[in-house]
Amino acid sequence: YSINATVIIFDRVRENMRTLNPKEYTKAKLLDRSVKESLGRTINTSLTTLIMIVALYIFGVESIRVFALPIIVGIIVGTYSSNLLAGSIWMLLLEKFGKQGVGGRKRVKAIR
């Protein structure tokens, strides 16, 4: 779910970059709006899955509990990281590399 939610957030960013006025929305406001637009969907998806995994943890046998506990932790951490960390990391990379892009550094010719 975490990867899917991250892709959806960045898809919202890309869509909002095309549709919103760049004079009115800075990159930070654009990212904030994109996260807010996808937050409800992400929480609903994670919460419904979490309810079922917690039920399996409570009512399941020991082997199911051993399997369900890491999934519970993974859903919580994944939801947090996709909603709150992915956009912040994107902003940091954007500030550091700018229009050049992360992999867009100019190649330096080797001196022979």
Side-chain angles (χ1 to χ4, degrees):
Y1 291 134
S2 175
I3 293 171
N4 188 34
T6 304
V7 168
I8 288 171
I9 288 173
F10 288 134
D11 187 48
R12 296 297 306 161
V13 169
R14 186 183 63 201
E15 185 178 318
N16 285 339
M17 284 177 90
R18 281 190 245 145
T19 58
L20 298 177
N21 184 6
K23 293 178 182 175
E24 184 179 339
Y25 284 91
T26 62
K27 297 279 186 198
K29 287 182 182 180
L30 179 84
L31 179 65
D32 186 46
R33 180 175 173 156
S34 300
V35 169
K36 283 180 183 178
E37 288 175 355
S38 60
L39 188 63
R41 178 189 181 278
T42 302
I43 288 177
N44 286 338
T45 303
S46 298
L47 192 60
T48 54
T49 307
L50 190 62
I51 289 169
M52 293 309 298
I53 299 297
V54 168
L56 282 174
Y57 183 77
I58 292 170
F59 299 117
V61 295
E62 185 62 29
S63 61
I64 297 292
R65 288 182 185 167
V66 170
F67 181 69
L69 186 61
I71 293 177
I72 291 170
V73 173
I75 289 173
I76 293 168
V77 170
T79 302
Y80 174 79
S81 70
S82 65
N83 283 314
L84 302 177
L85 295 180
S88 301
I89 292 171
W90 177 70
M91 286 296 293
L92 288 173
L93 290 173
L94 191 64
E95 288 175 4
K96 184 173 183 176
F97 295 107
K99 292 182 180 181
Q100 201 173 27
V102 175
R105 296 184 192 170
K106 294 180 181 177
R107 293 185 181 182
V108 178
K109 293 183 181 181
I111 300 174
R112 294 184 189 197

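What you see is a predicted model, and the numbers here were worked out from it, not measured in a lab.
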Colleague: Testing the basics here: between L30 and Y25, what is the closest heavy-atom pair and its distance to 0.1 Å?
Modeller: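 For L30 and Y25, the tightest heavy-atom pair comes out as N-CD2, 4.3 Å.
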Colleague: Is there a donor-acceptor contact under 3.5 Å from the side chain of R12 to the main chain of E37?
Modeller: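 It does not hold such a pair.
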Colleague: Which atom names give the shortest non-hydrogen contact between N16 and S34, and what distance separates them?
Modeller: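 It is ND2-OG, 3.0 Å.
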Colleague: Quick check for you: to the nearest 0.5 Å, what is the distance between L56 atom CG and L69 atom CG?
Modeller: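 Taking CG in L56 and CG in L69, the distance rounds to 12.5 Å.
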Colleague: Could you go through D32 and K29, starting from their C-alpha distance and side-chain angles, then the distance that decides it, and tell me whether this counts as salt bridge (charged side-chain N to carboxylate O under 4.0 Å, His left out)?
Modeller: CA-CA 5 Å; D32 186 46; K29 287 182 182 180; over 6 Å; no
Colleague: Taking S46 for the side chain and I43 for the main chain, is one N or O donor matched with an acceptor at less than 3.5 Å?
Modeller: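 No, S46 side chain to I43 backbone: no donor-acceptor pair under 3.5 Å.
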Colleague: Please check if I53 and V61 belong to a single hydrophobic cluster, counting links between Ile, Leu, Val, Met, Phe, Trp and Tyr side chain heavy atoms closer than 4.5 Å.
Modeller: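 Yes, I53 and V61 fall within the same hydrophobic cluster.
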Colleague: In Å, rounded to the nearest 0.5 Å, how long is the span from CG of L47 to CD1 of I76?
Modeller: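 Result: 10.0 Å between the selected atoms.
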Colleague: Could you state whether I72 and I51 fall into the same hydrophobic cluster, counting links through intermediate Ile, Leu, Val, Met, Phe, Trp or Tyr residues with side-chain heavy atoms under 4.5 angstrom apart?
Modeller: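 No; tracing contacts between hydrophobic side chains, which count when under 4.5 Å, never links both residues.
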Colleague: I need the K36 NZ to N83 CG distance, nearest 0.5 Å.
Modeller: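 Here the interatomic distance stands at 13.0 Å.
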Colleague: Supply the atom-to-atom distance F10 CZ to E15 CD, rounded to the nearest 0.5 angstrom.
Modeller: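 Rounded to the nearest 0.5 Å, the CZ-CD separation comes out at 15.0 Å.
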Colleague: Is any side-chain heavy atom of T79 less than 4.5 Å from a side-chain heavy atom of T42?
Modeller: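 Sidechains of T42 and T79: in contact.
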Colleague: Drop me the distance from I58's CD1 to I64's CD1, to the nearest 0.5 angstrom.
Modeller: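 It is 14.0 Å, given to the nearest 0.5 Å.
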Colleague: Give me the atom names and distance for the closest heavy-atom approach of S82 to I9.
Modeller: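 Answer, listing the atom of S82 first, then I9: O-CD1, 3.1 Å.
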Colleague: Above 12 or not: heavy atoms from other molecules or residues under 6.0 Å from CE of M91?
Modeller: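 Count over threshold, so yes.
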Colleague: Answer yes if F67 and F59 sit in the same cluster of Ile, Leu, Val, Met, Phe, Trp and Tyr residues linked by side chain heavy atoms under 4.5 Å apart, and no otherwise.
Modeller: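 F67 clusters together with F59.
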Colleague: Check the hydrophobic clustering (I, L, V, M, F, W, Y; side-chain heavy atoms under 4.5 Å; chains of links allowed) and say if L20 and M17 are grouped together.
Modeller: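 Shared cluster, yes.
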Colleague: Got R33 and V13 here, is their nearest side-chain heavy-atom distance under 4.5 Å?
Modeller: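 Result no, sub-4.5 Å side-chain heavy-atom pair not found.
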Colleague: Checking side-chain contact (heavy atoms from CB on, under 4.5 Å) for the pair I75/I71: CA distance, chi angles, key distance, verdict?
Modeller: CA-CA 6 Å; I75 289 173; I71 293 177; 3.9 Å; yes
Colleague: Is the shortest heavy-atom distance from the side chain of W90 to the side chain of L31 under 4.5 Å?
Modeller: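 Result yes, sub-4.5 Å side-chain heavy-atom pair found.
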Colleague: Is the count of non-hydrogen atoms from other residues, nucleotides or ligands lying under 6.0 Å from L92 atom CG greater than 12?
Modeller: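 Result for CG/L92: enclosed.
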Colleague: Look up atom CG in L84 and atom CD1 in I89, then write down how far apart they are to the nearest 0.5 Å.
Modeller: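 Output value for this atom pair is 11.0 Å.
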Colleague: Answer yes or no: is there a donor N or O on one side and an acceptor on the other, between the side chain of D11 and the main chain of V7, under 3.5 Å?
Modeller: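 Side chain of D11 to backbone of V7: no pair is present.
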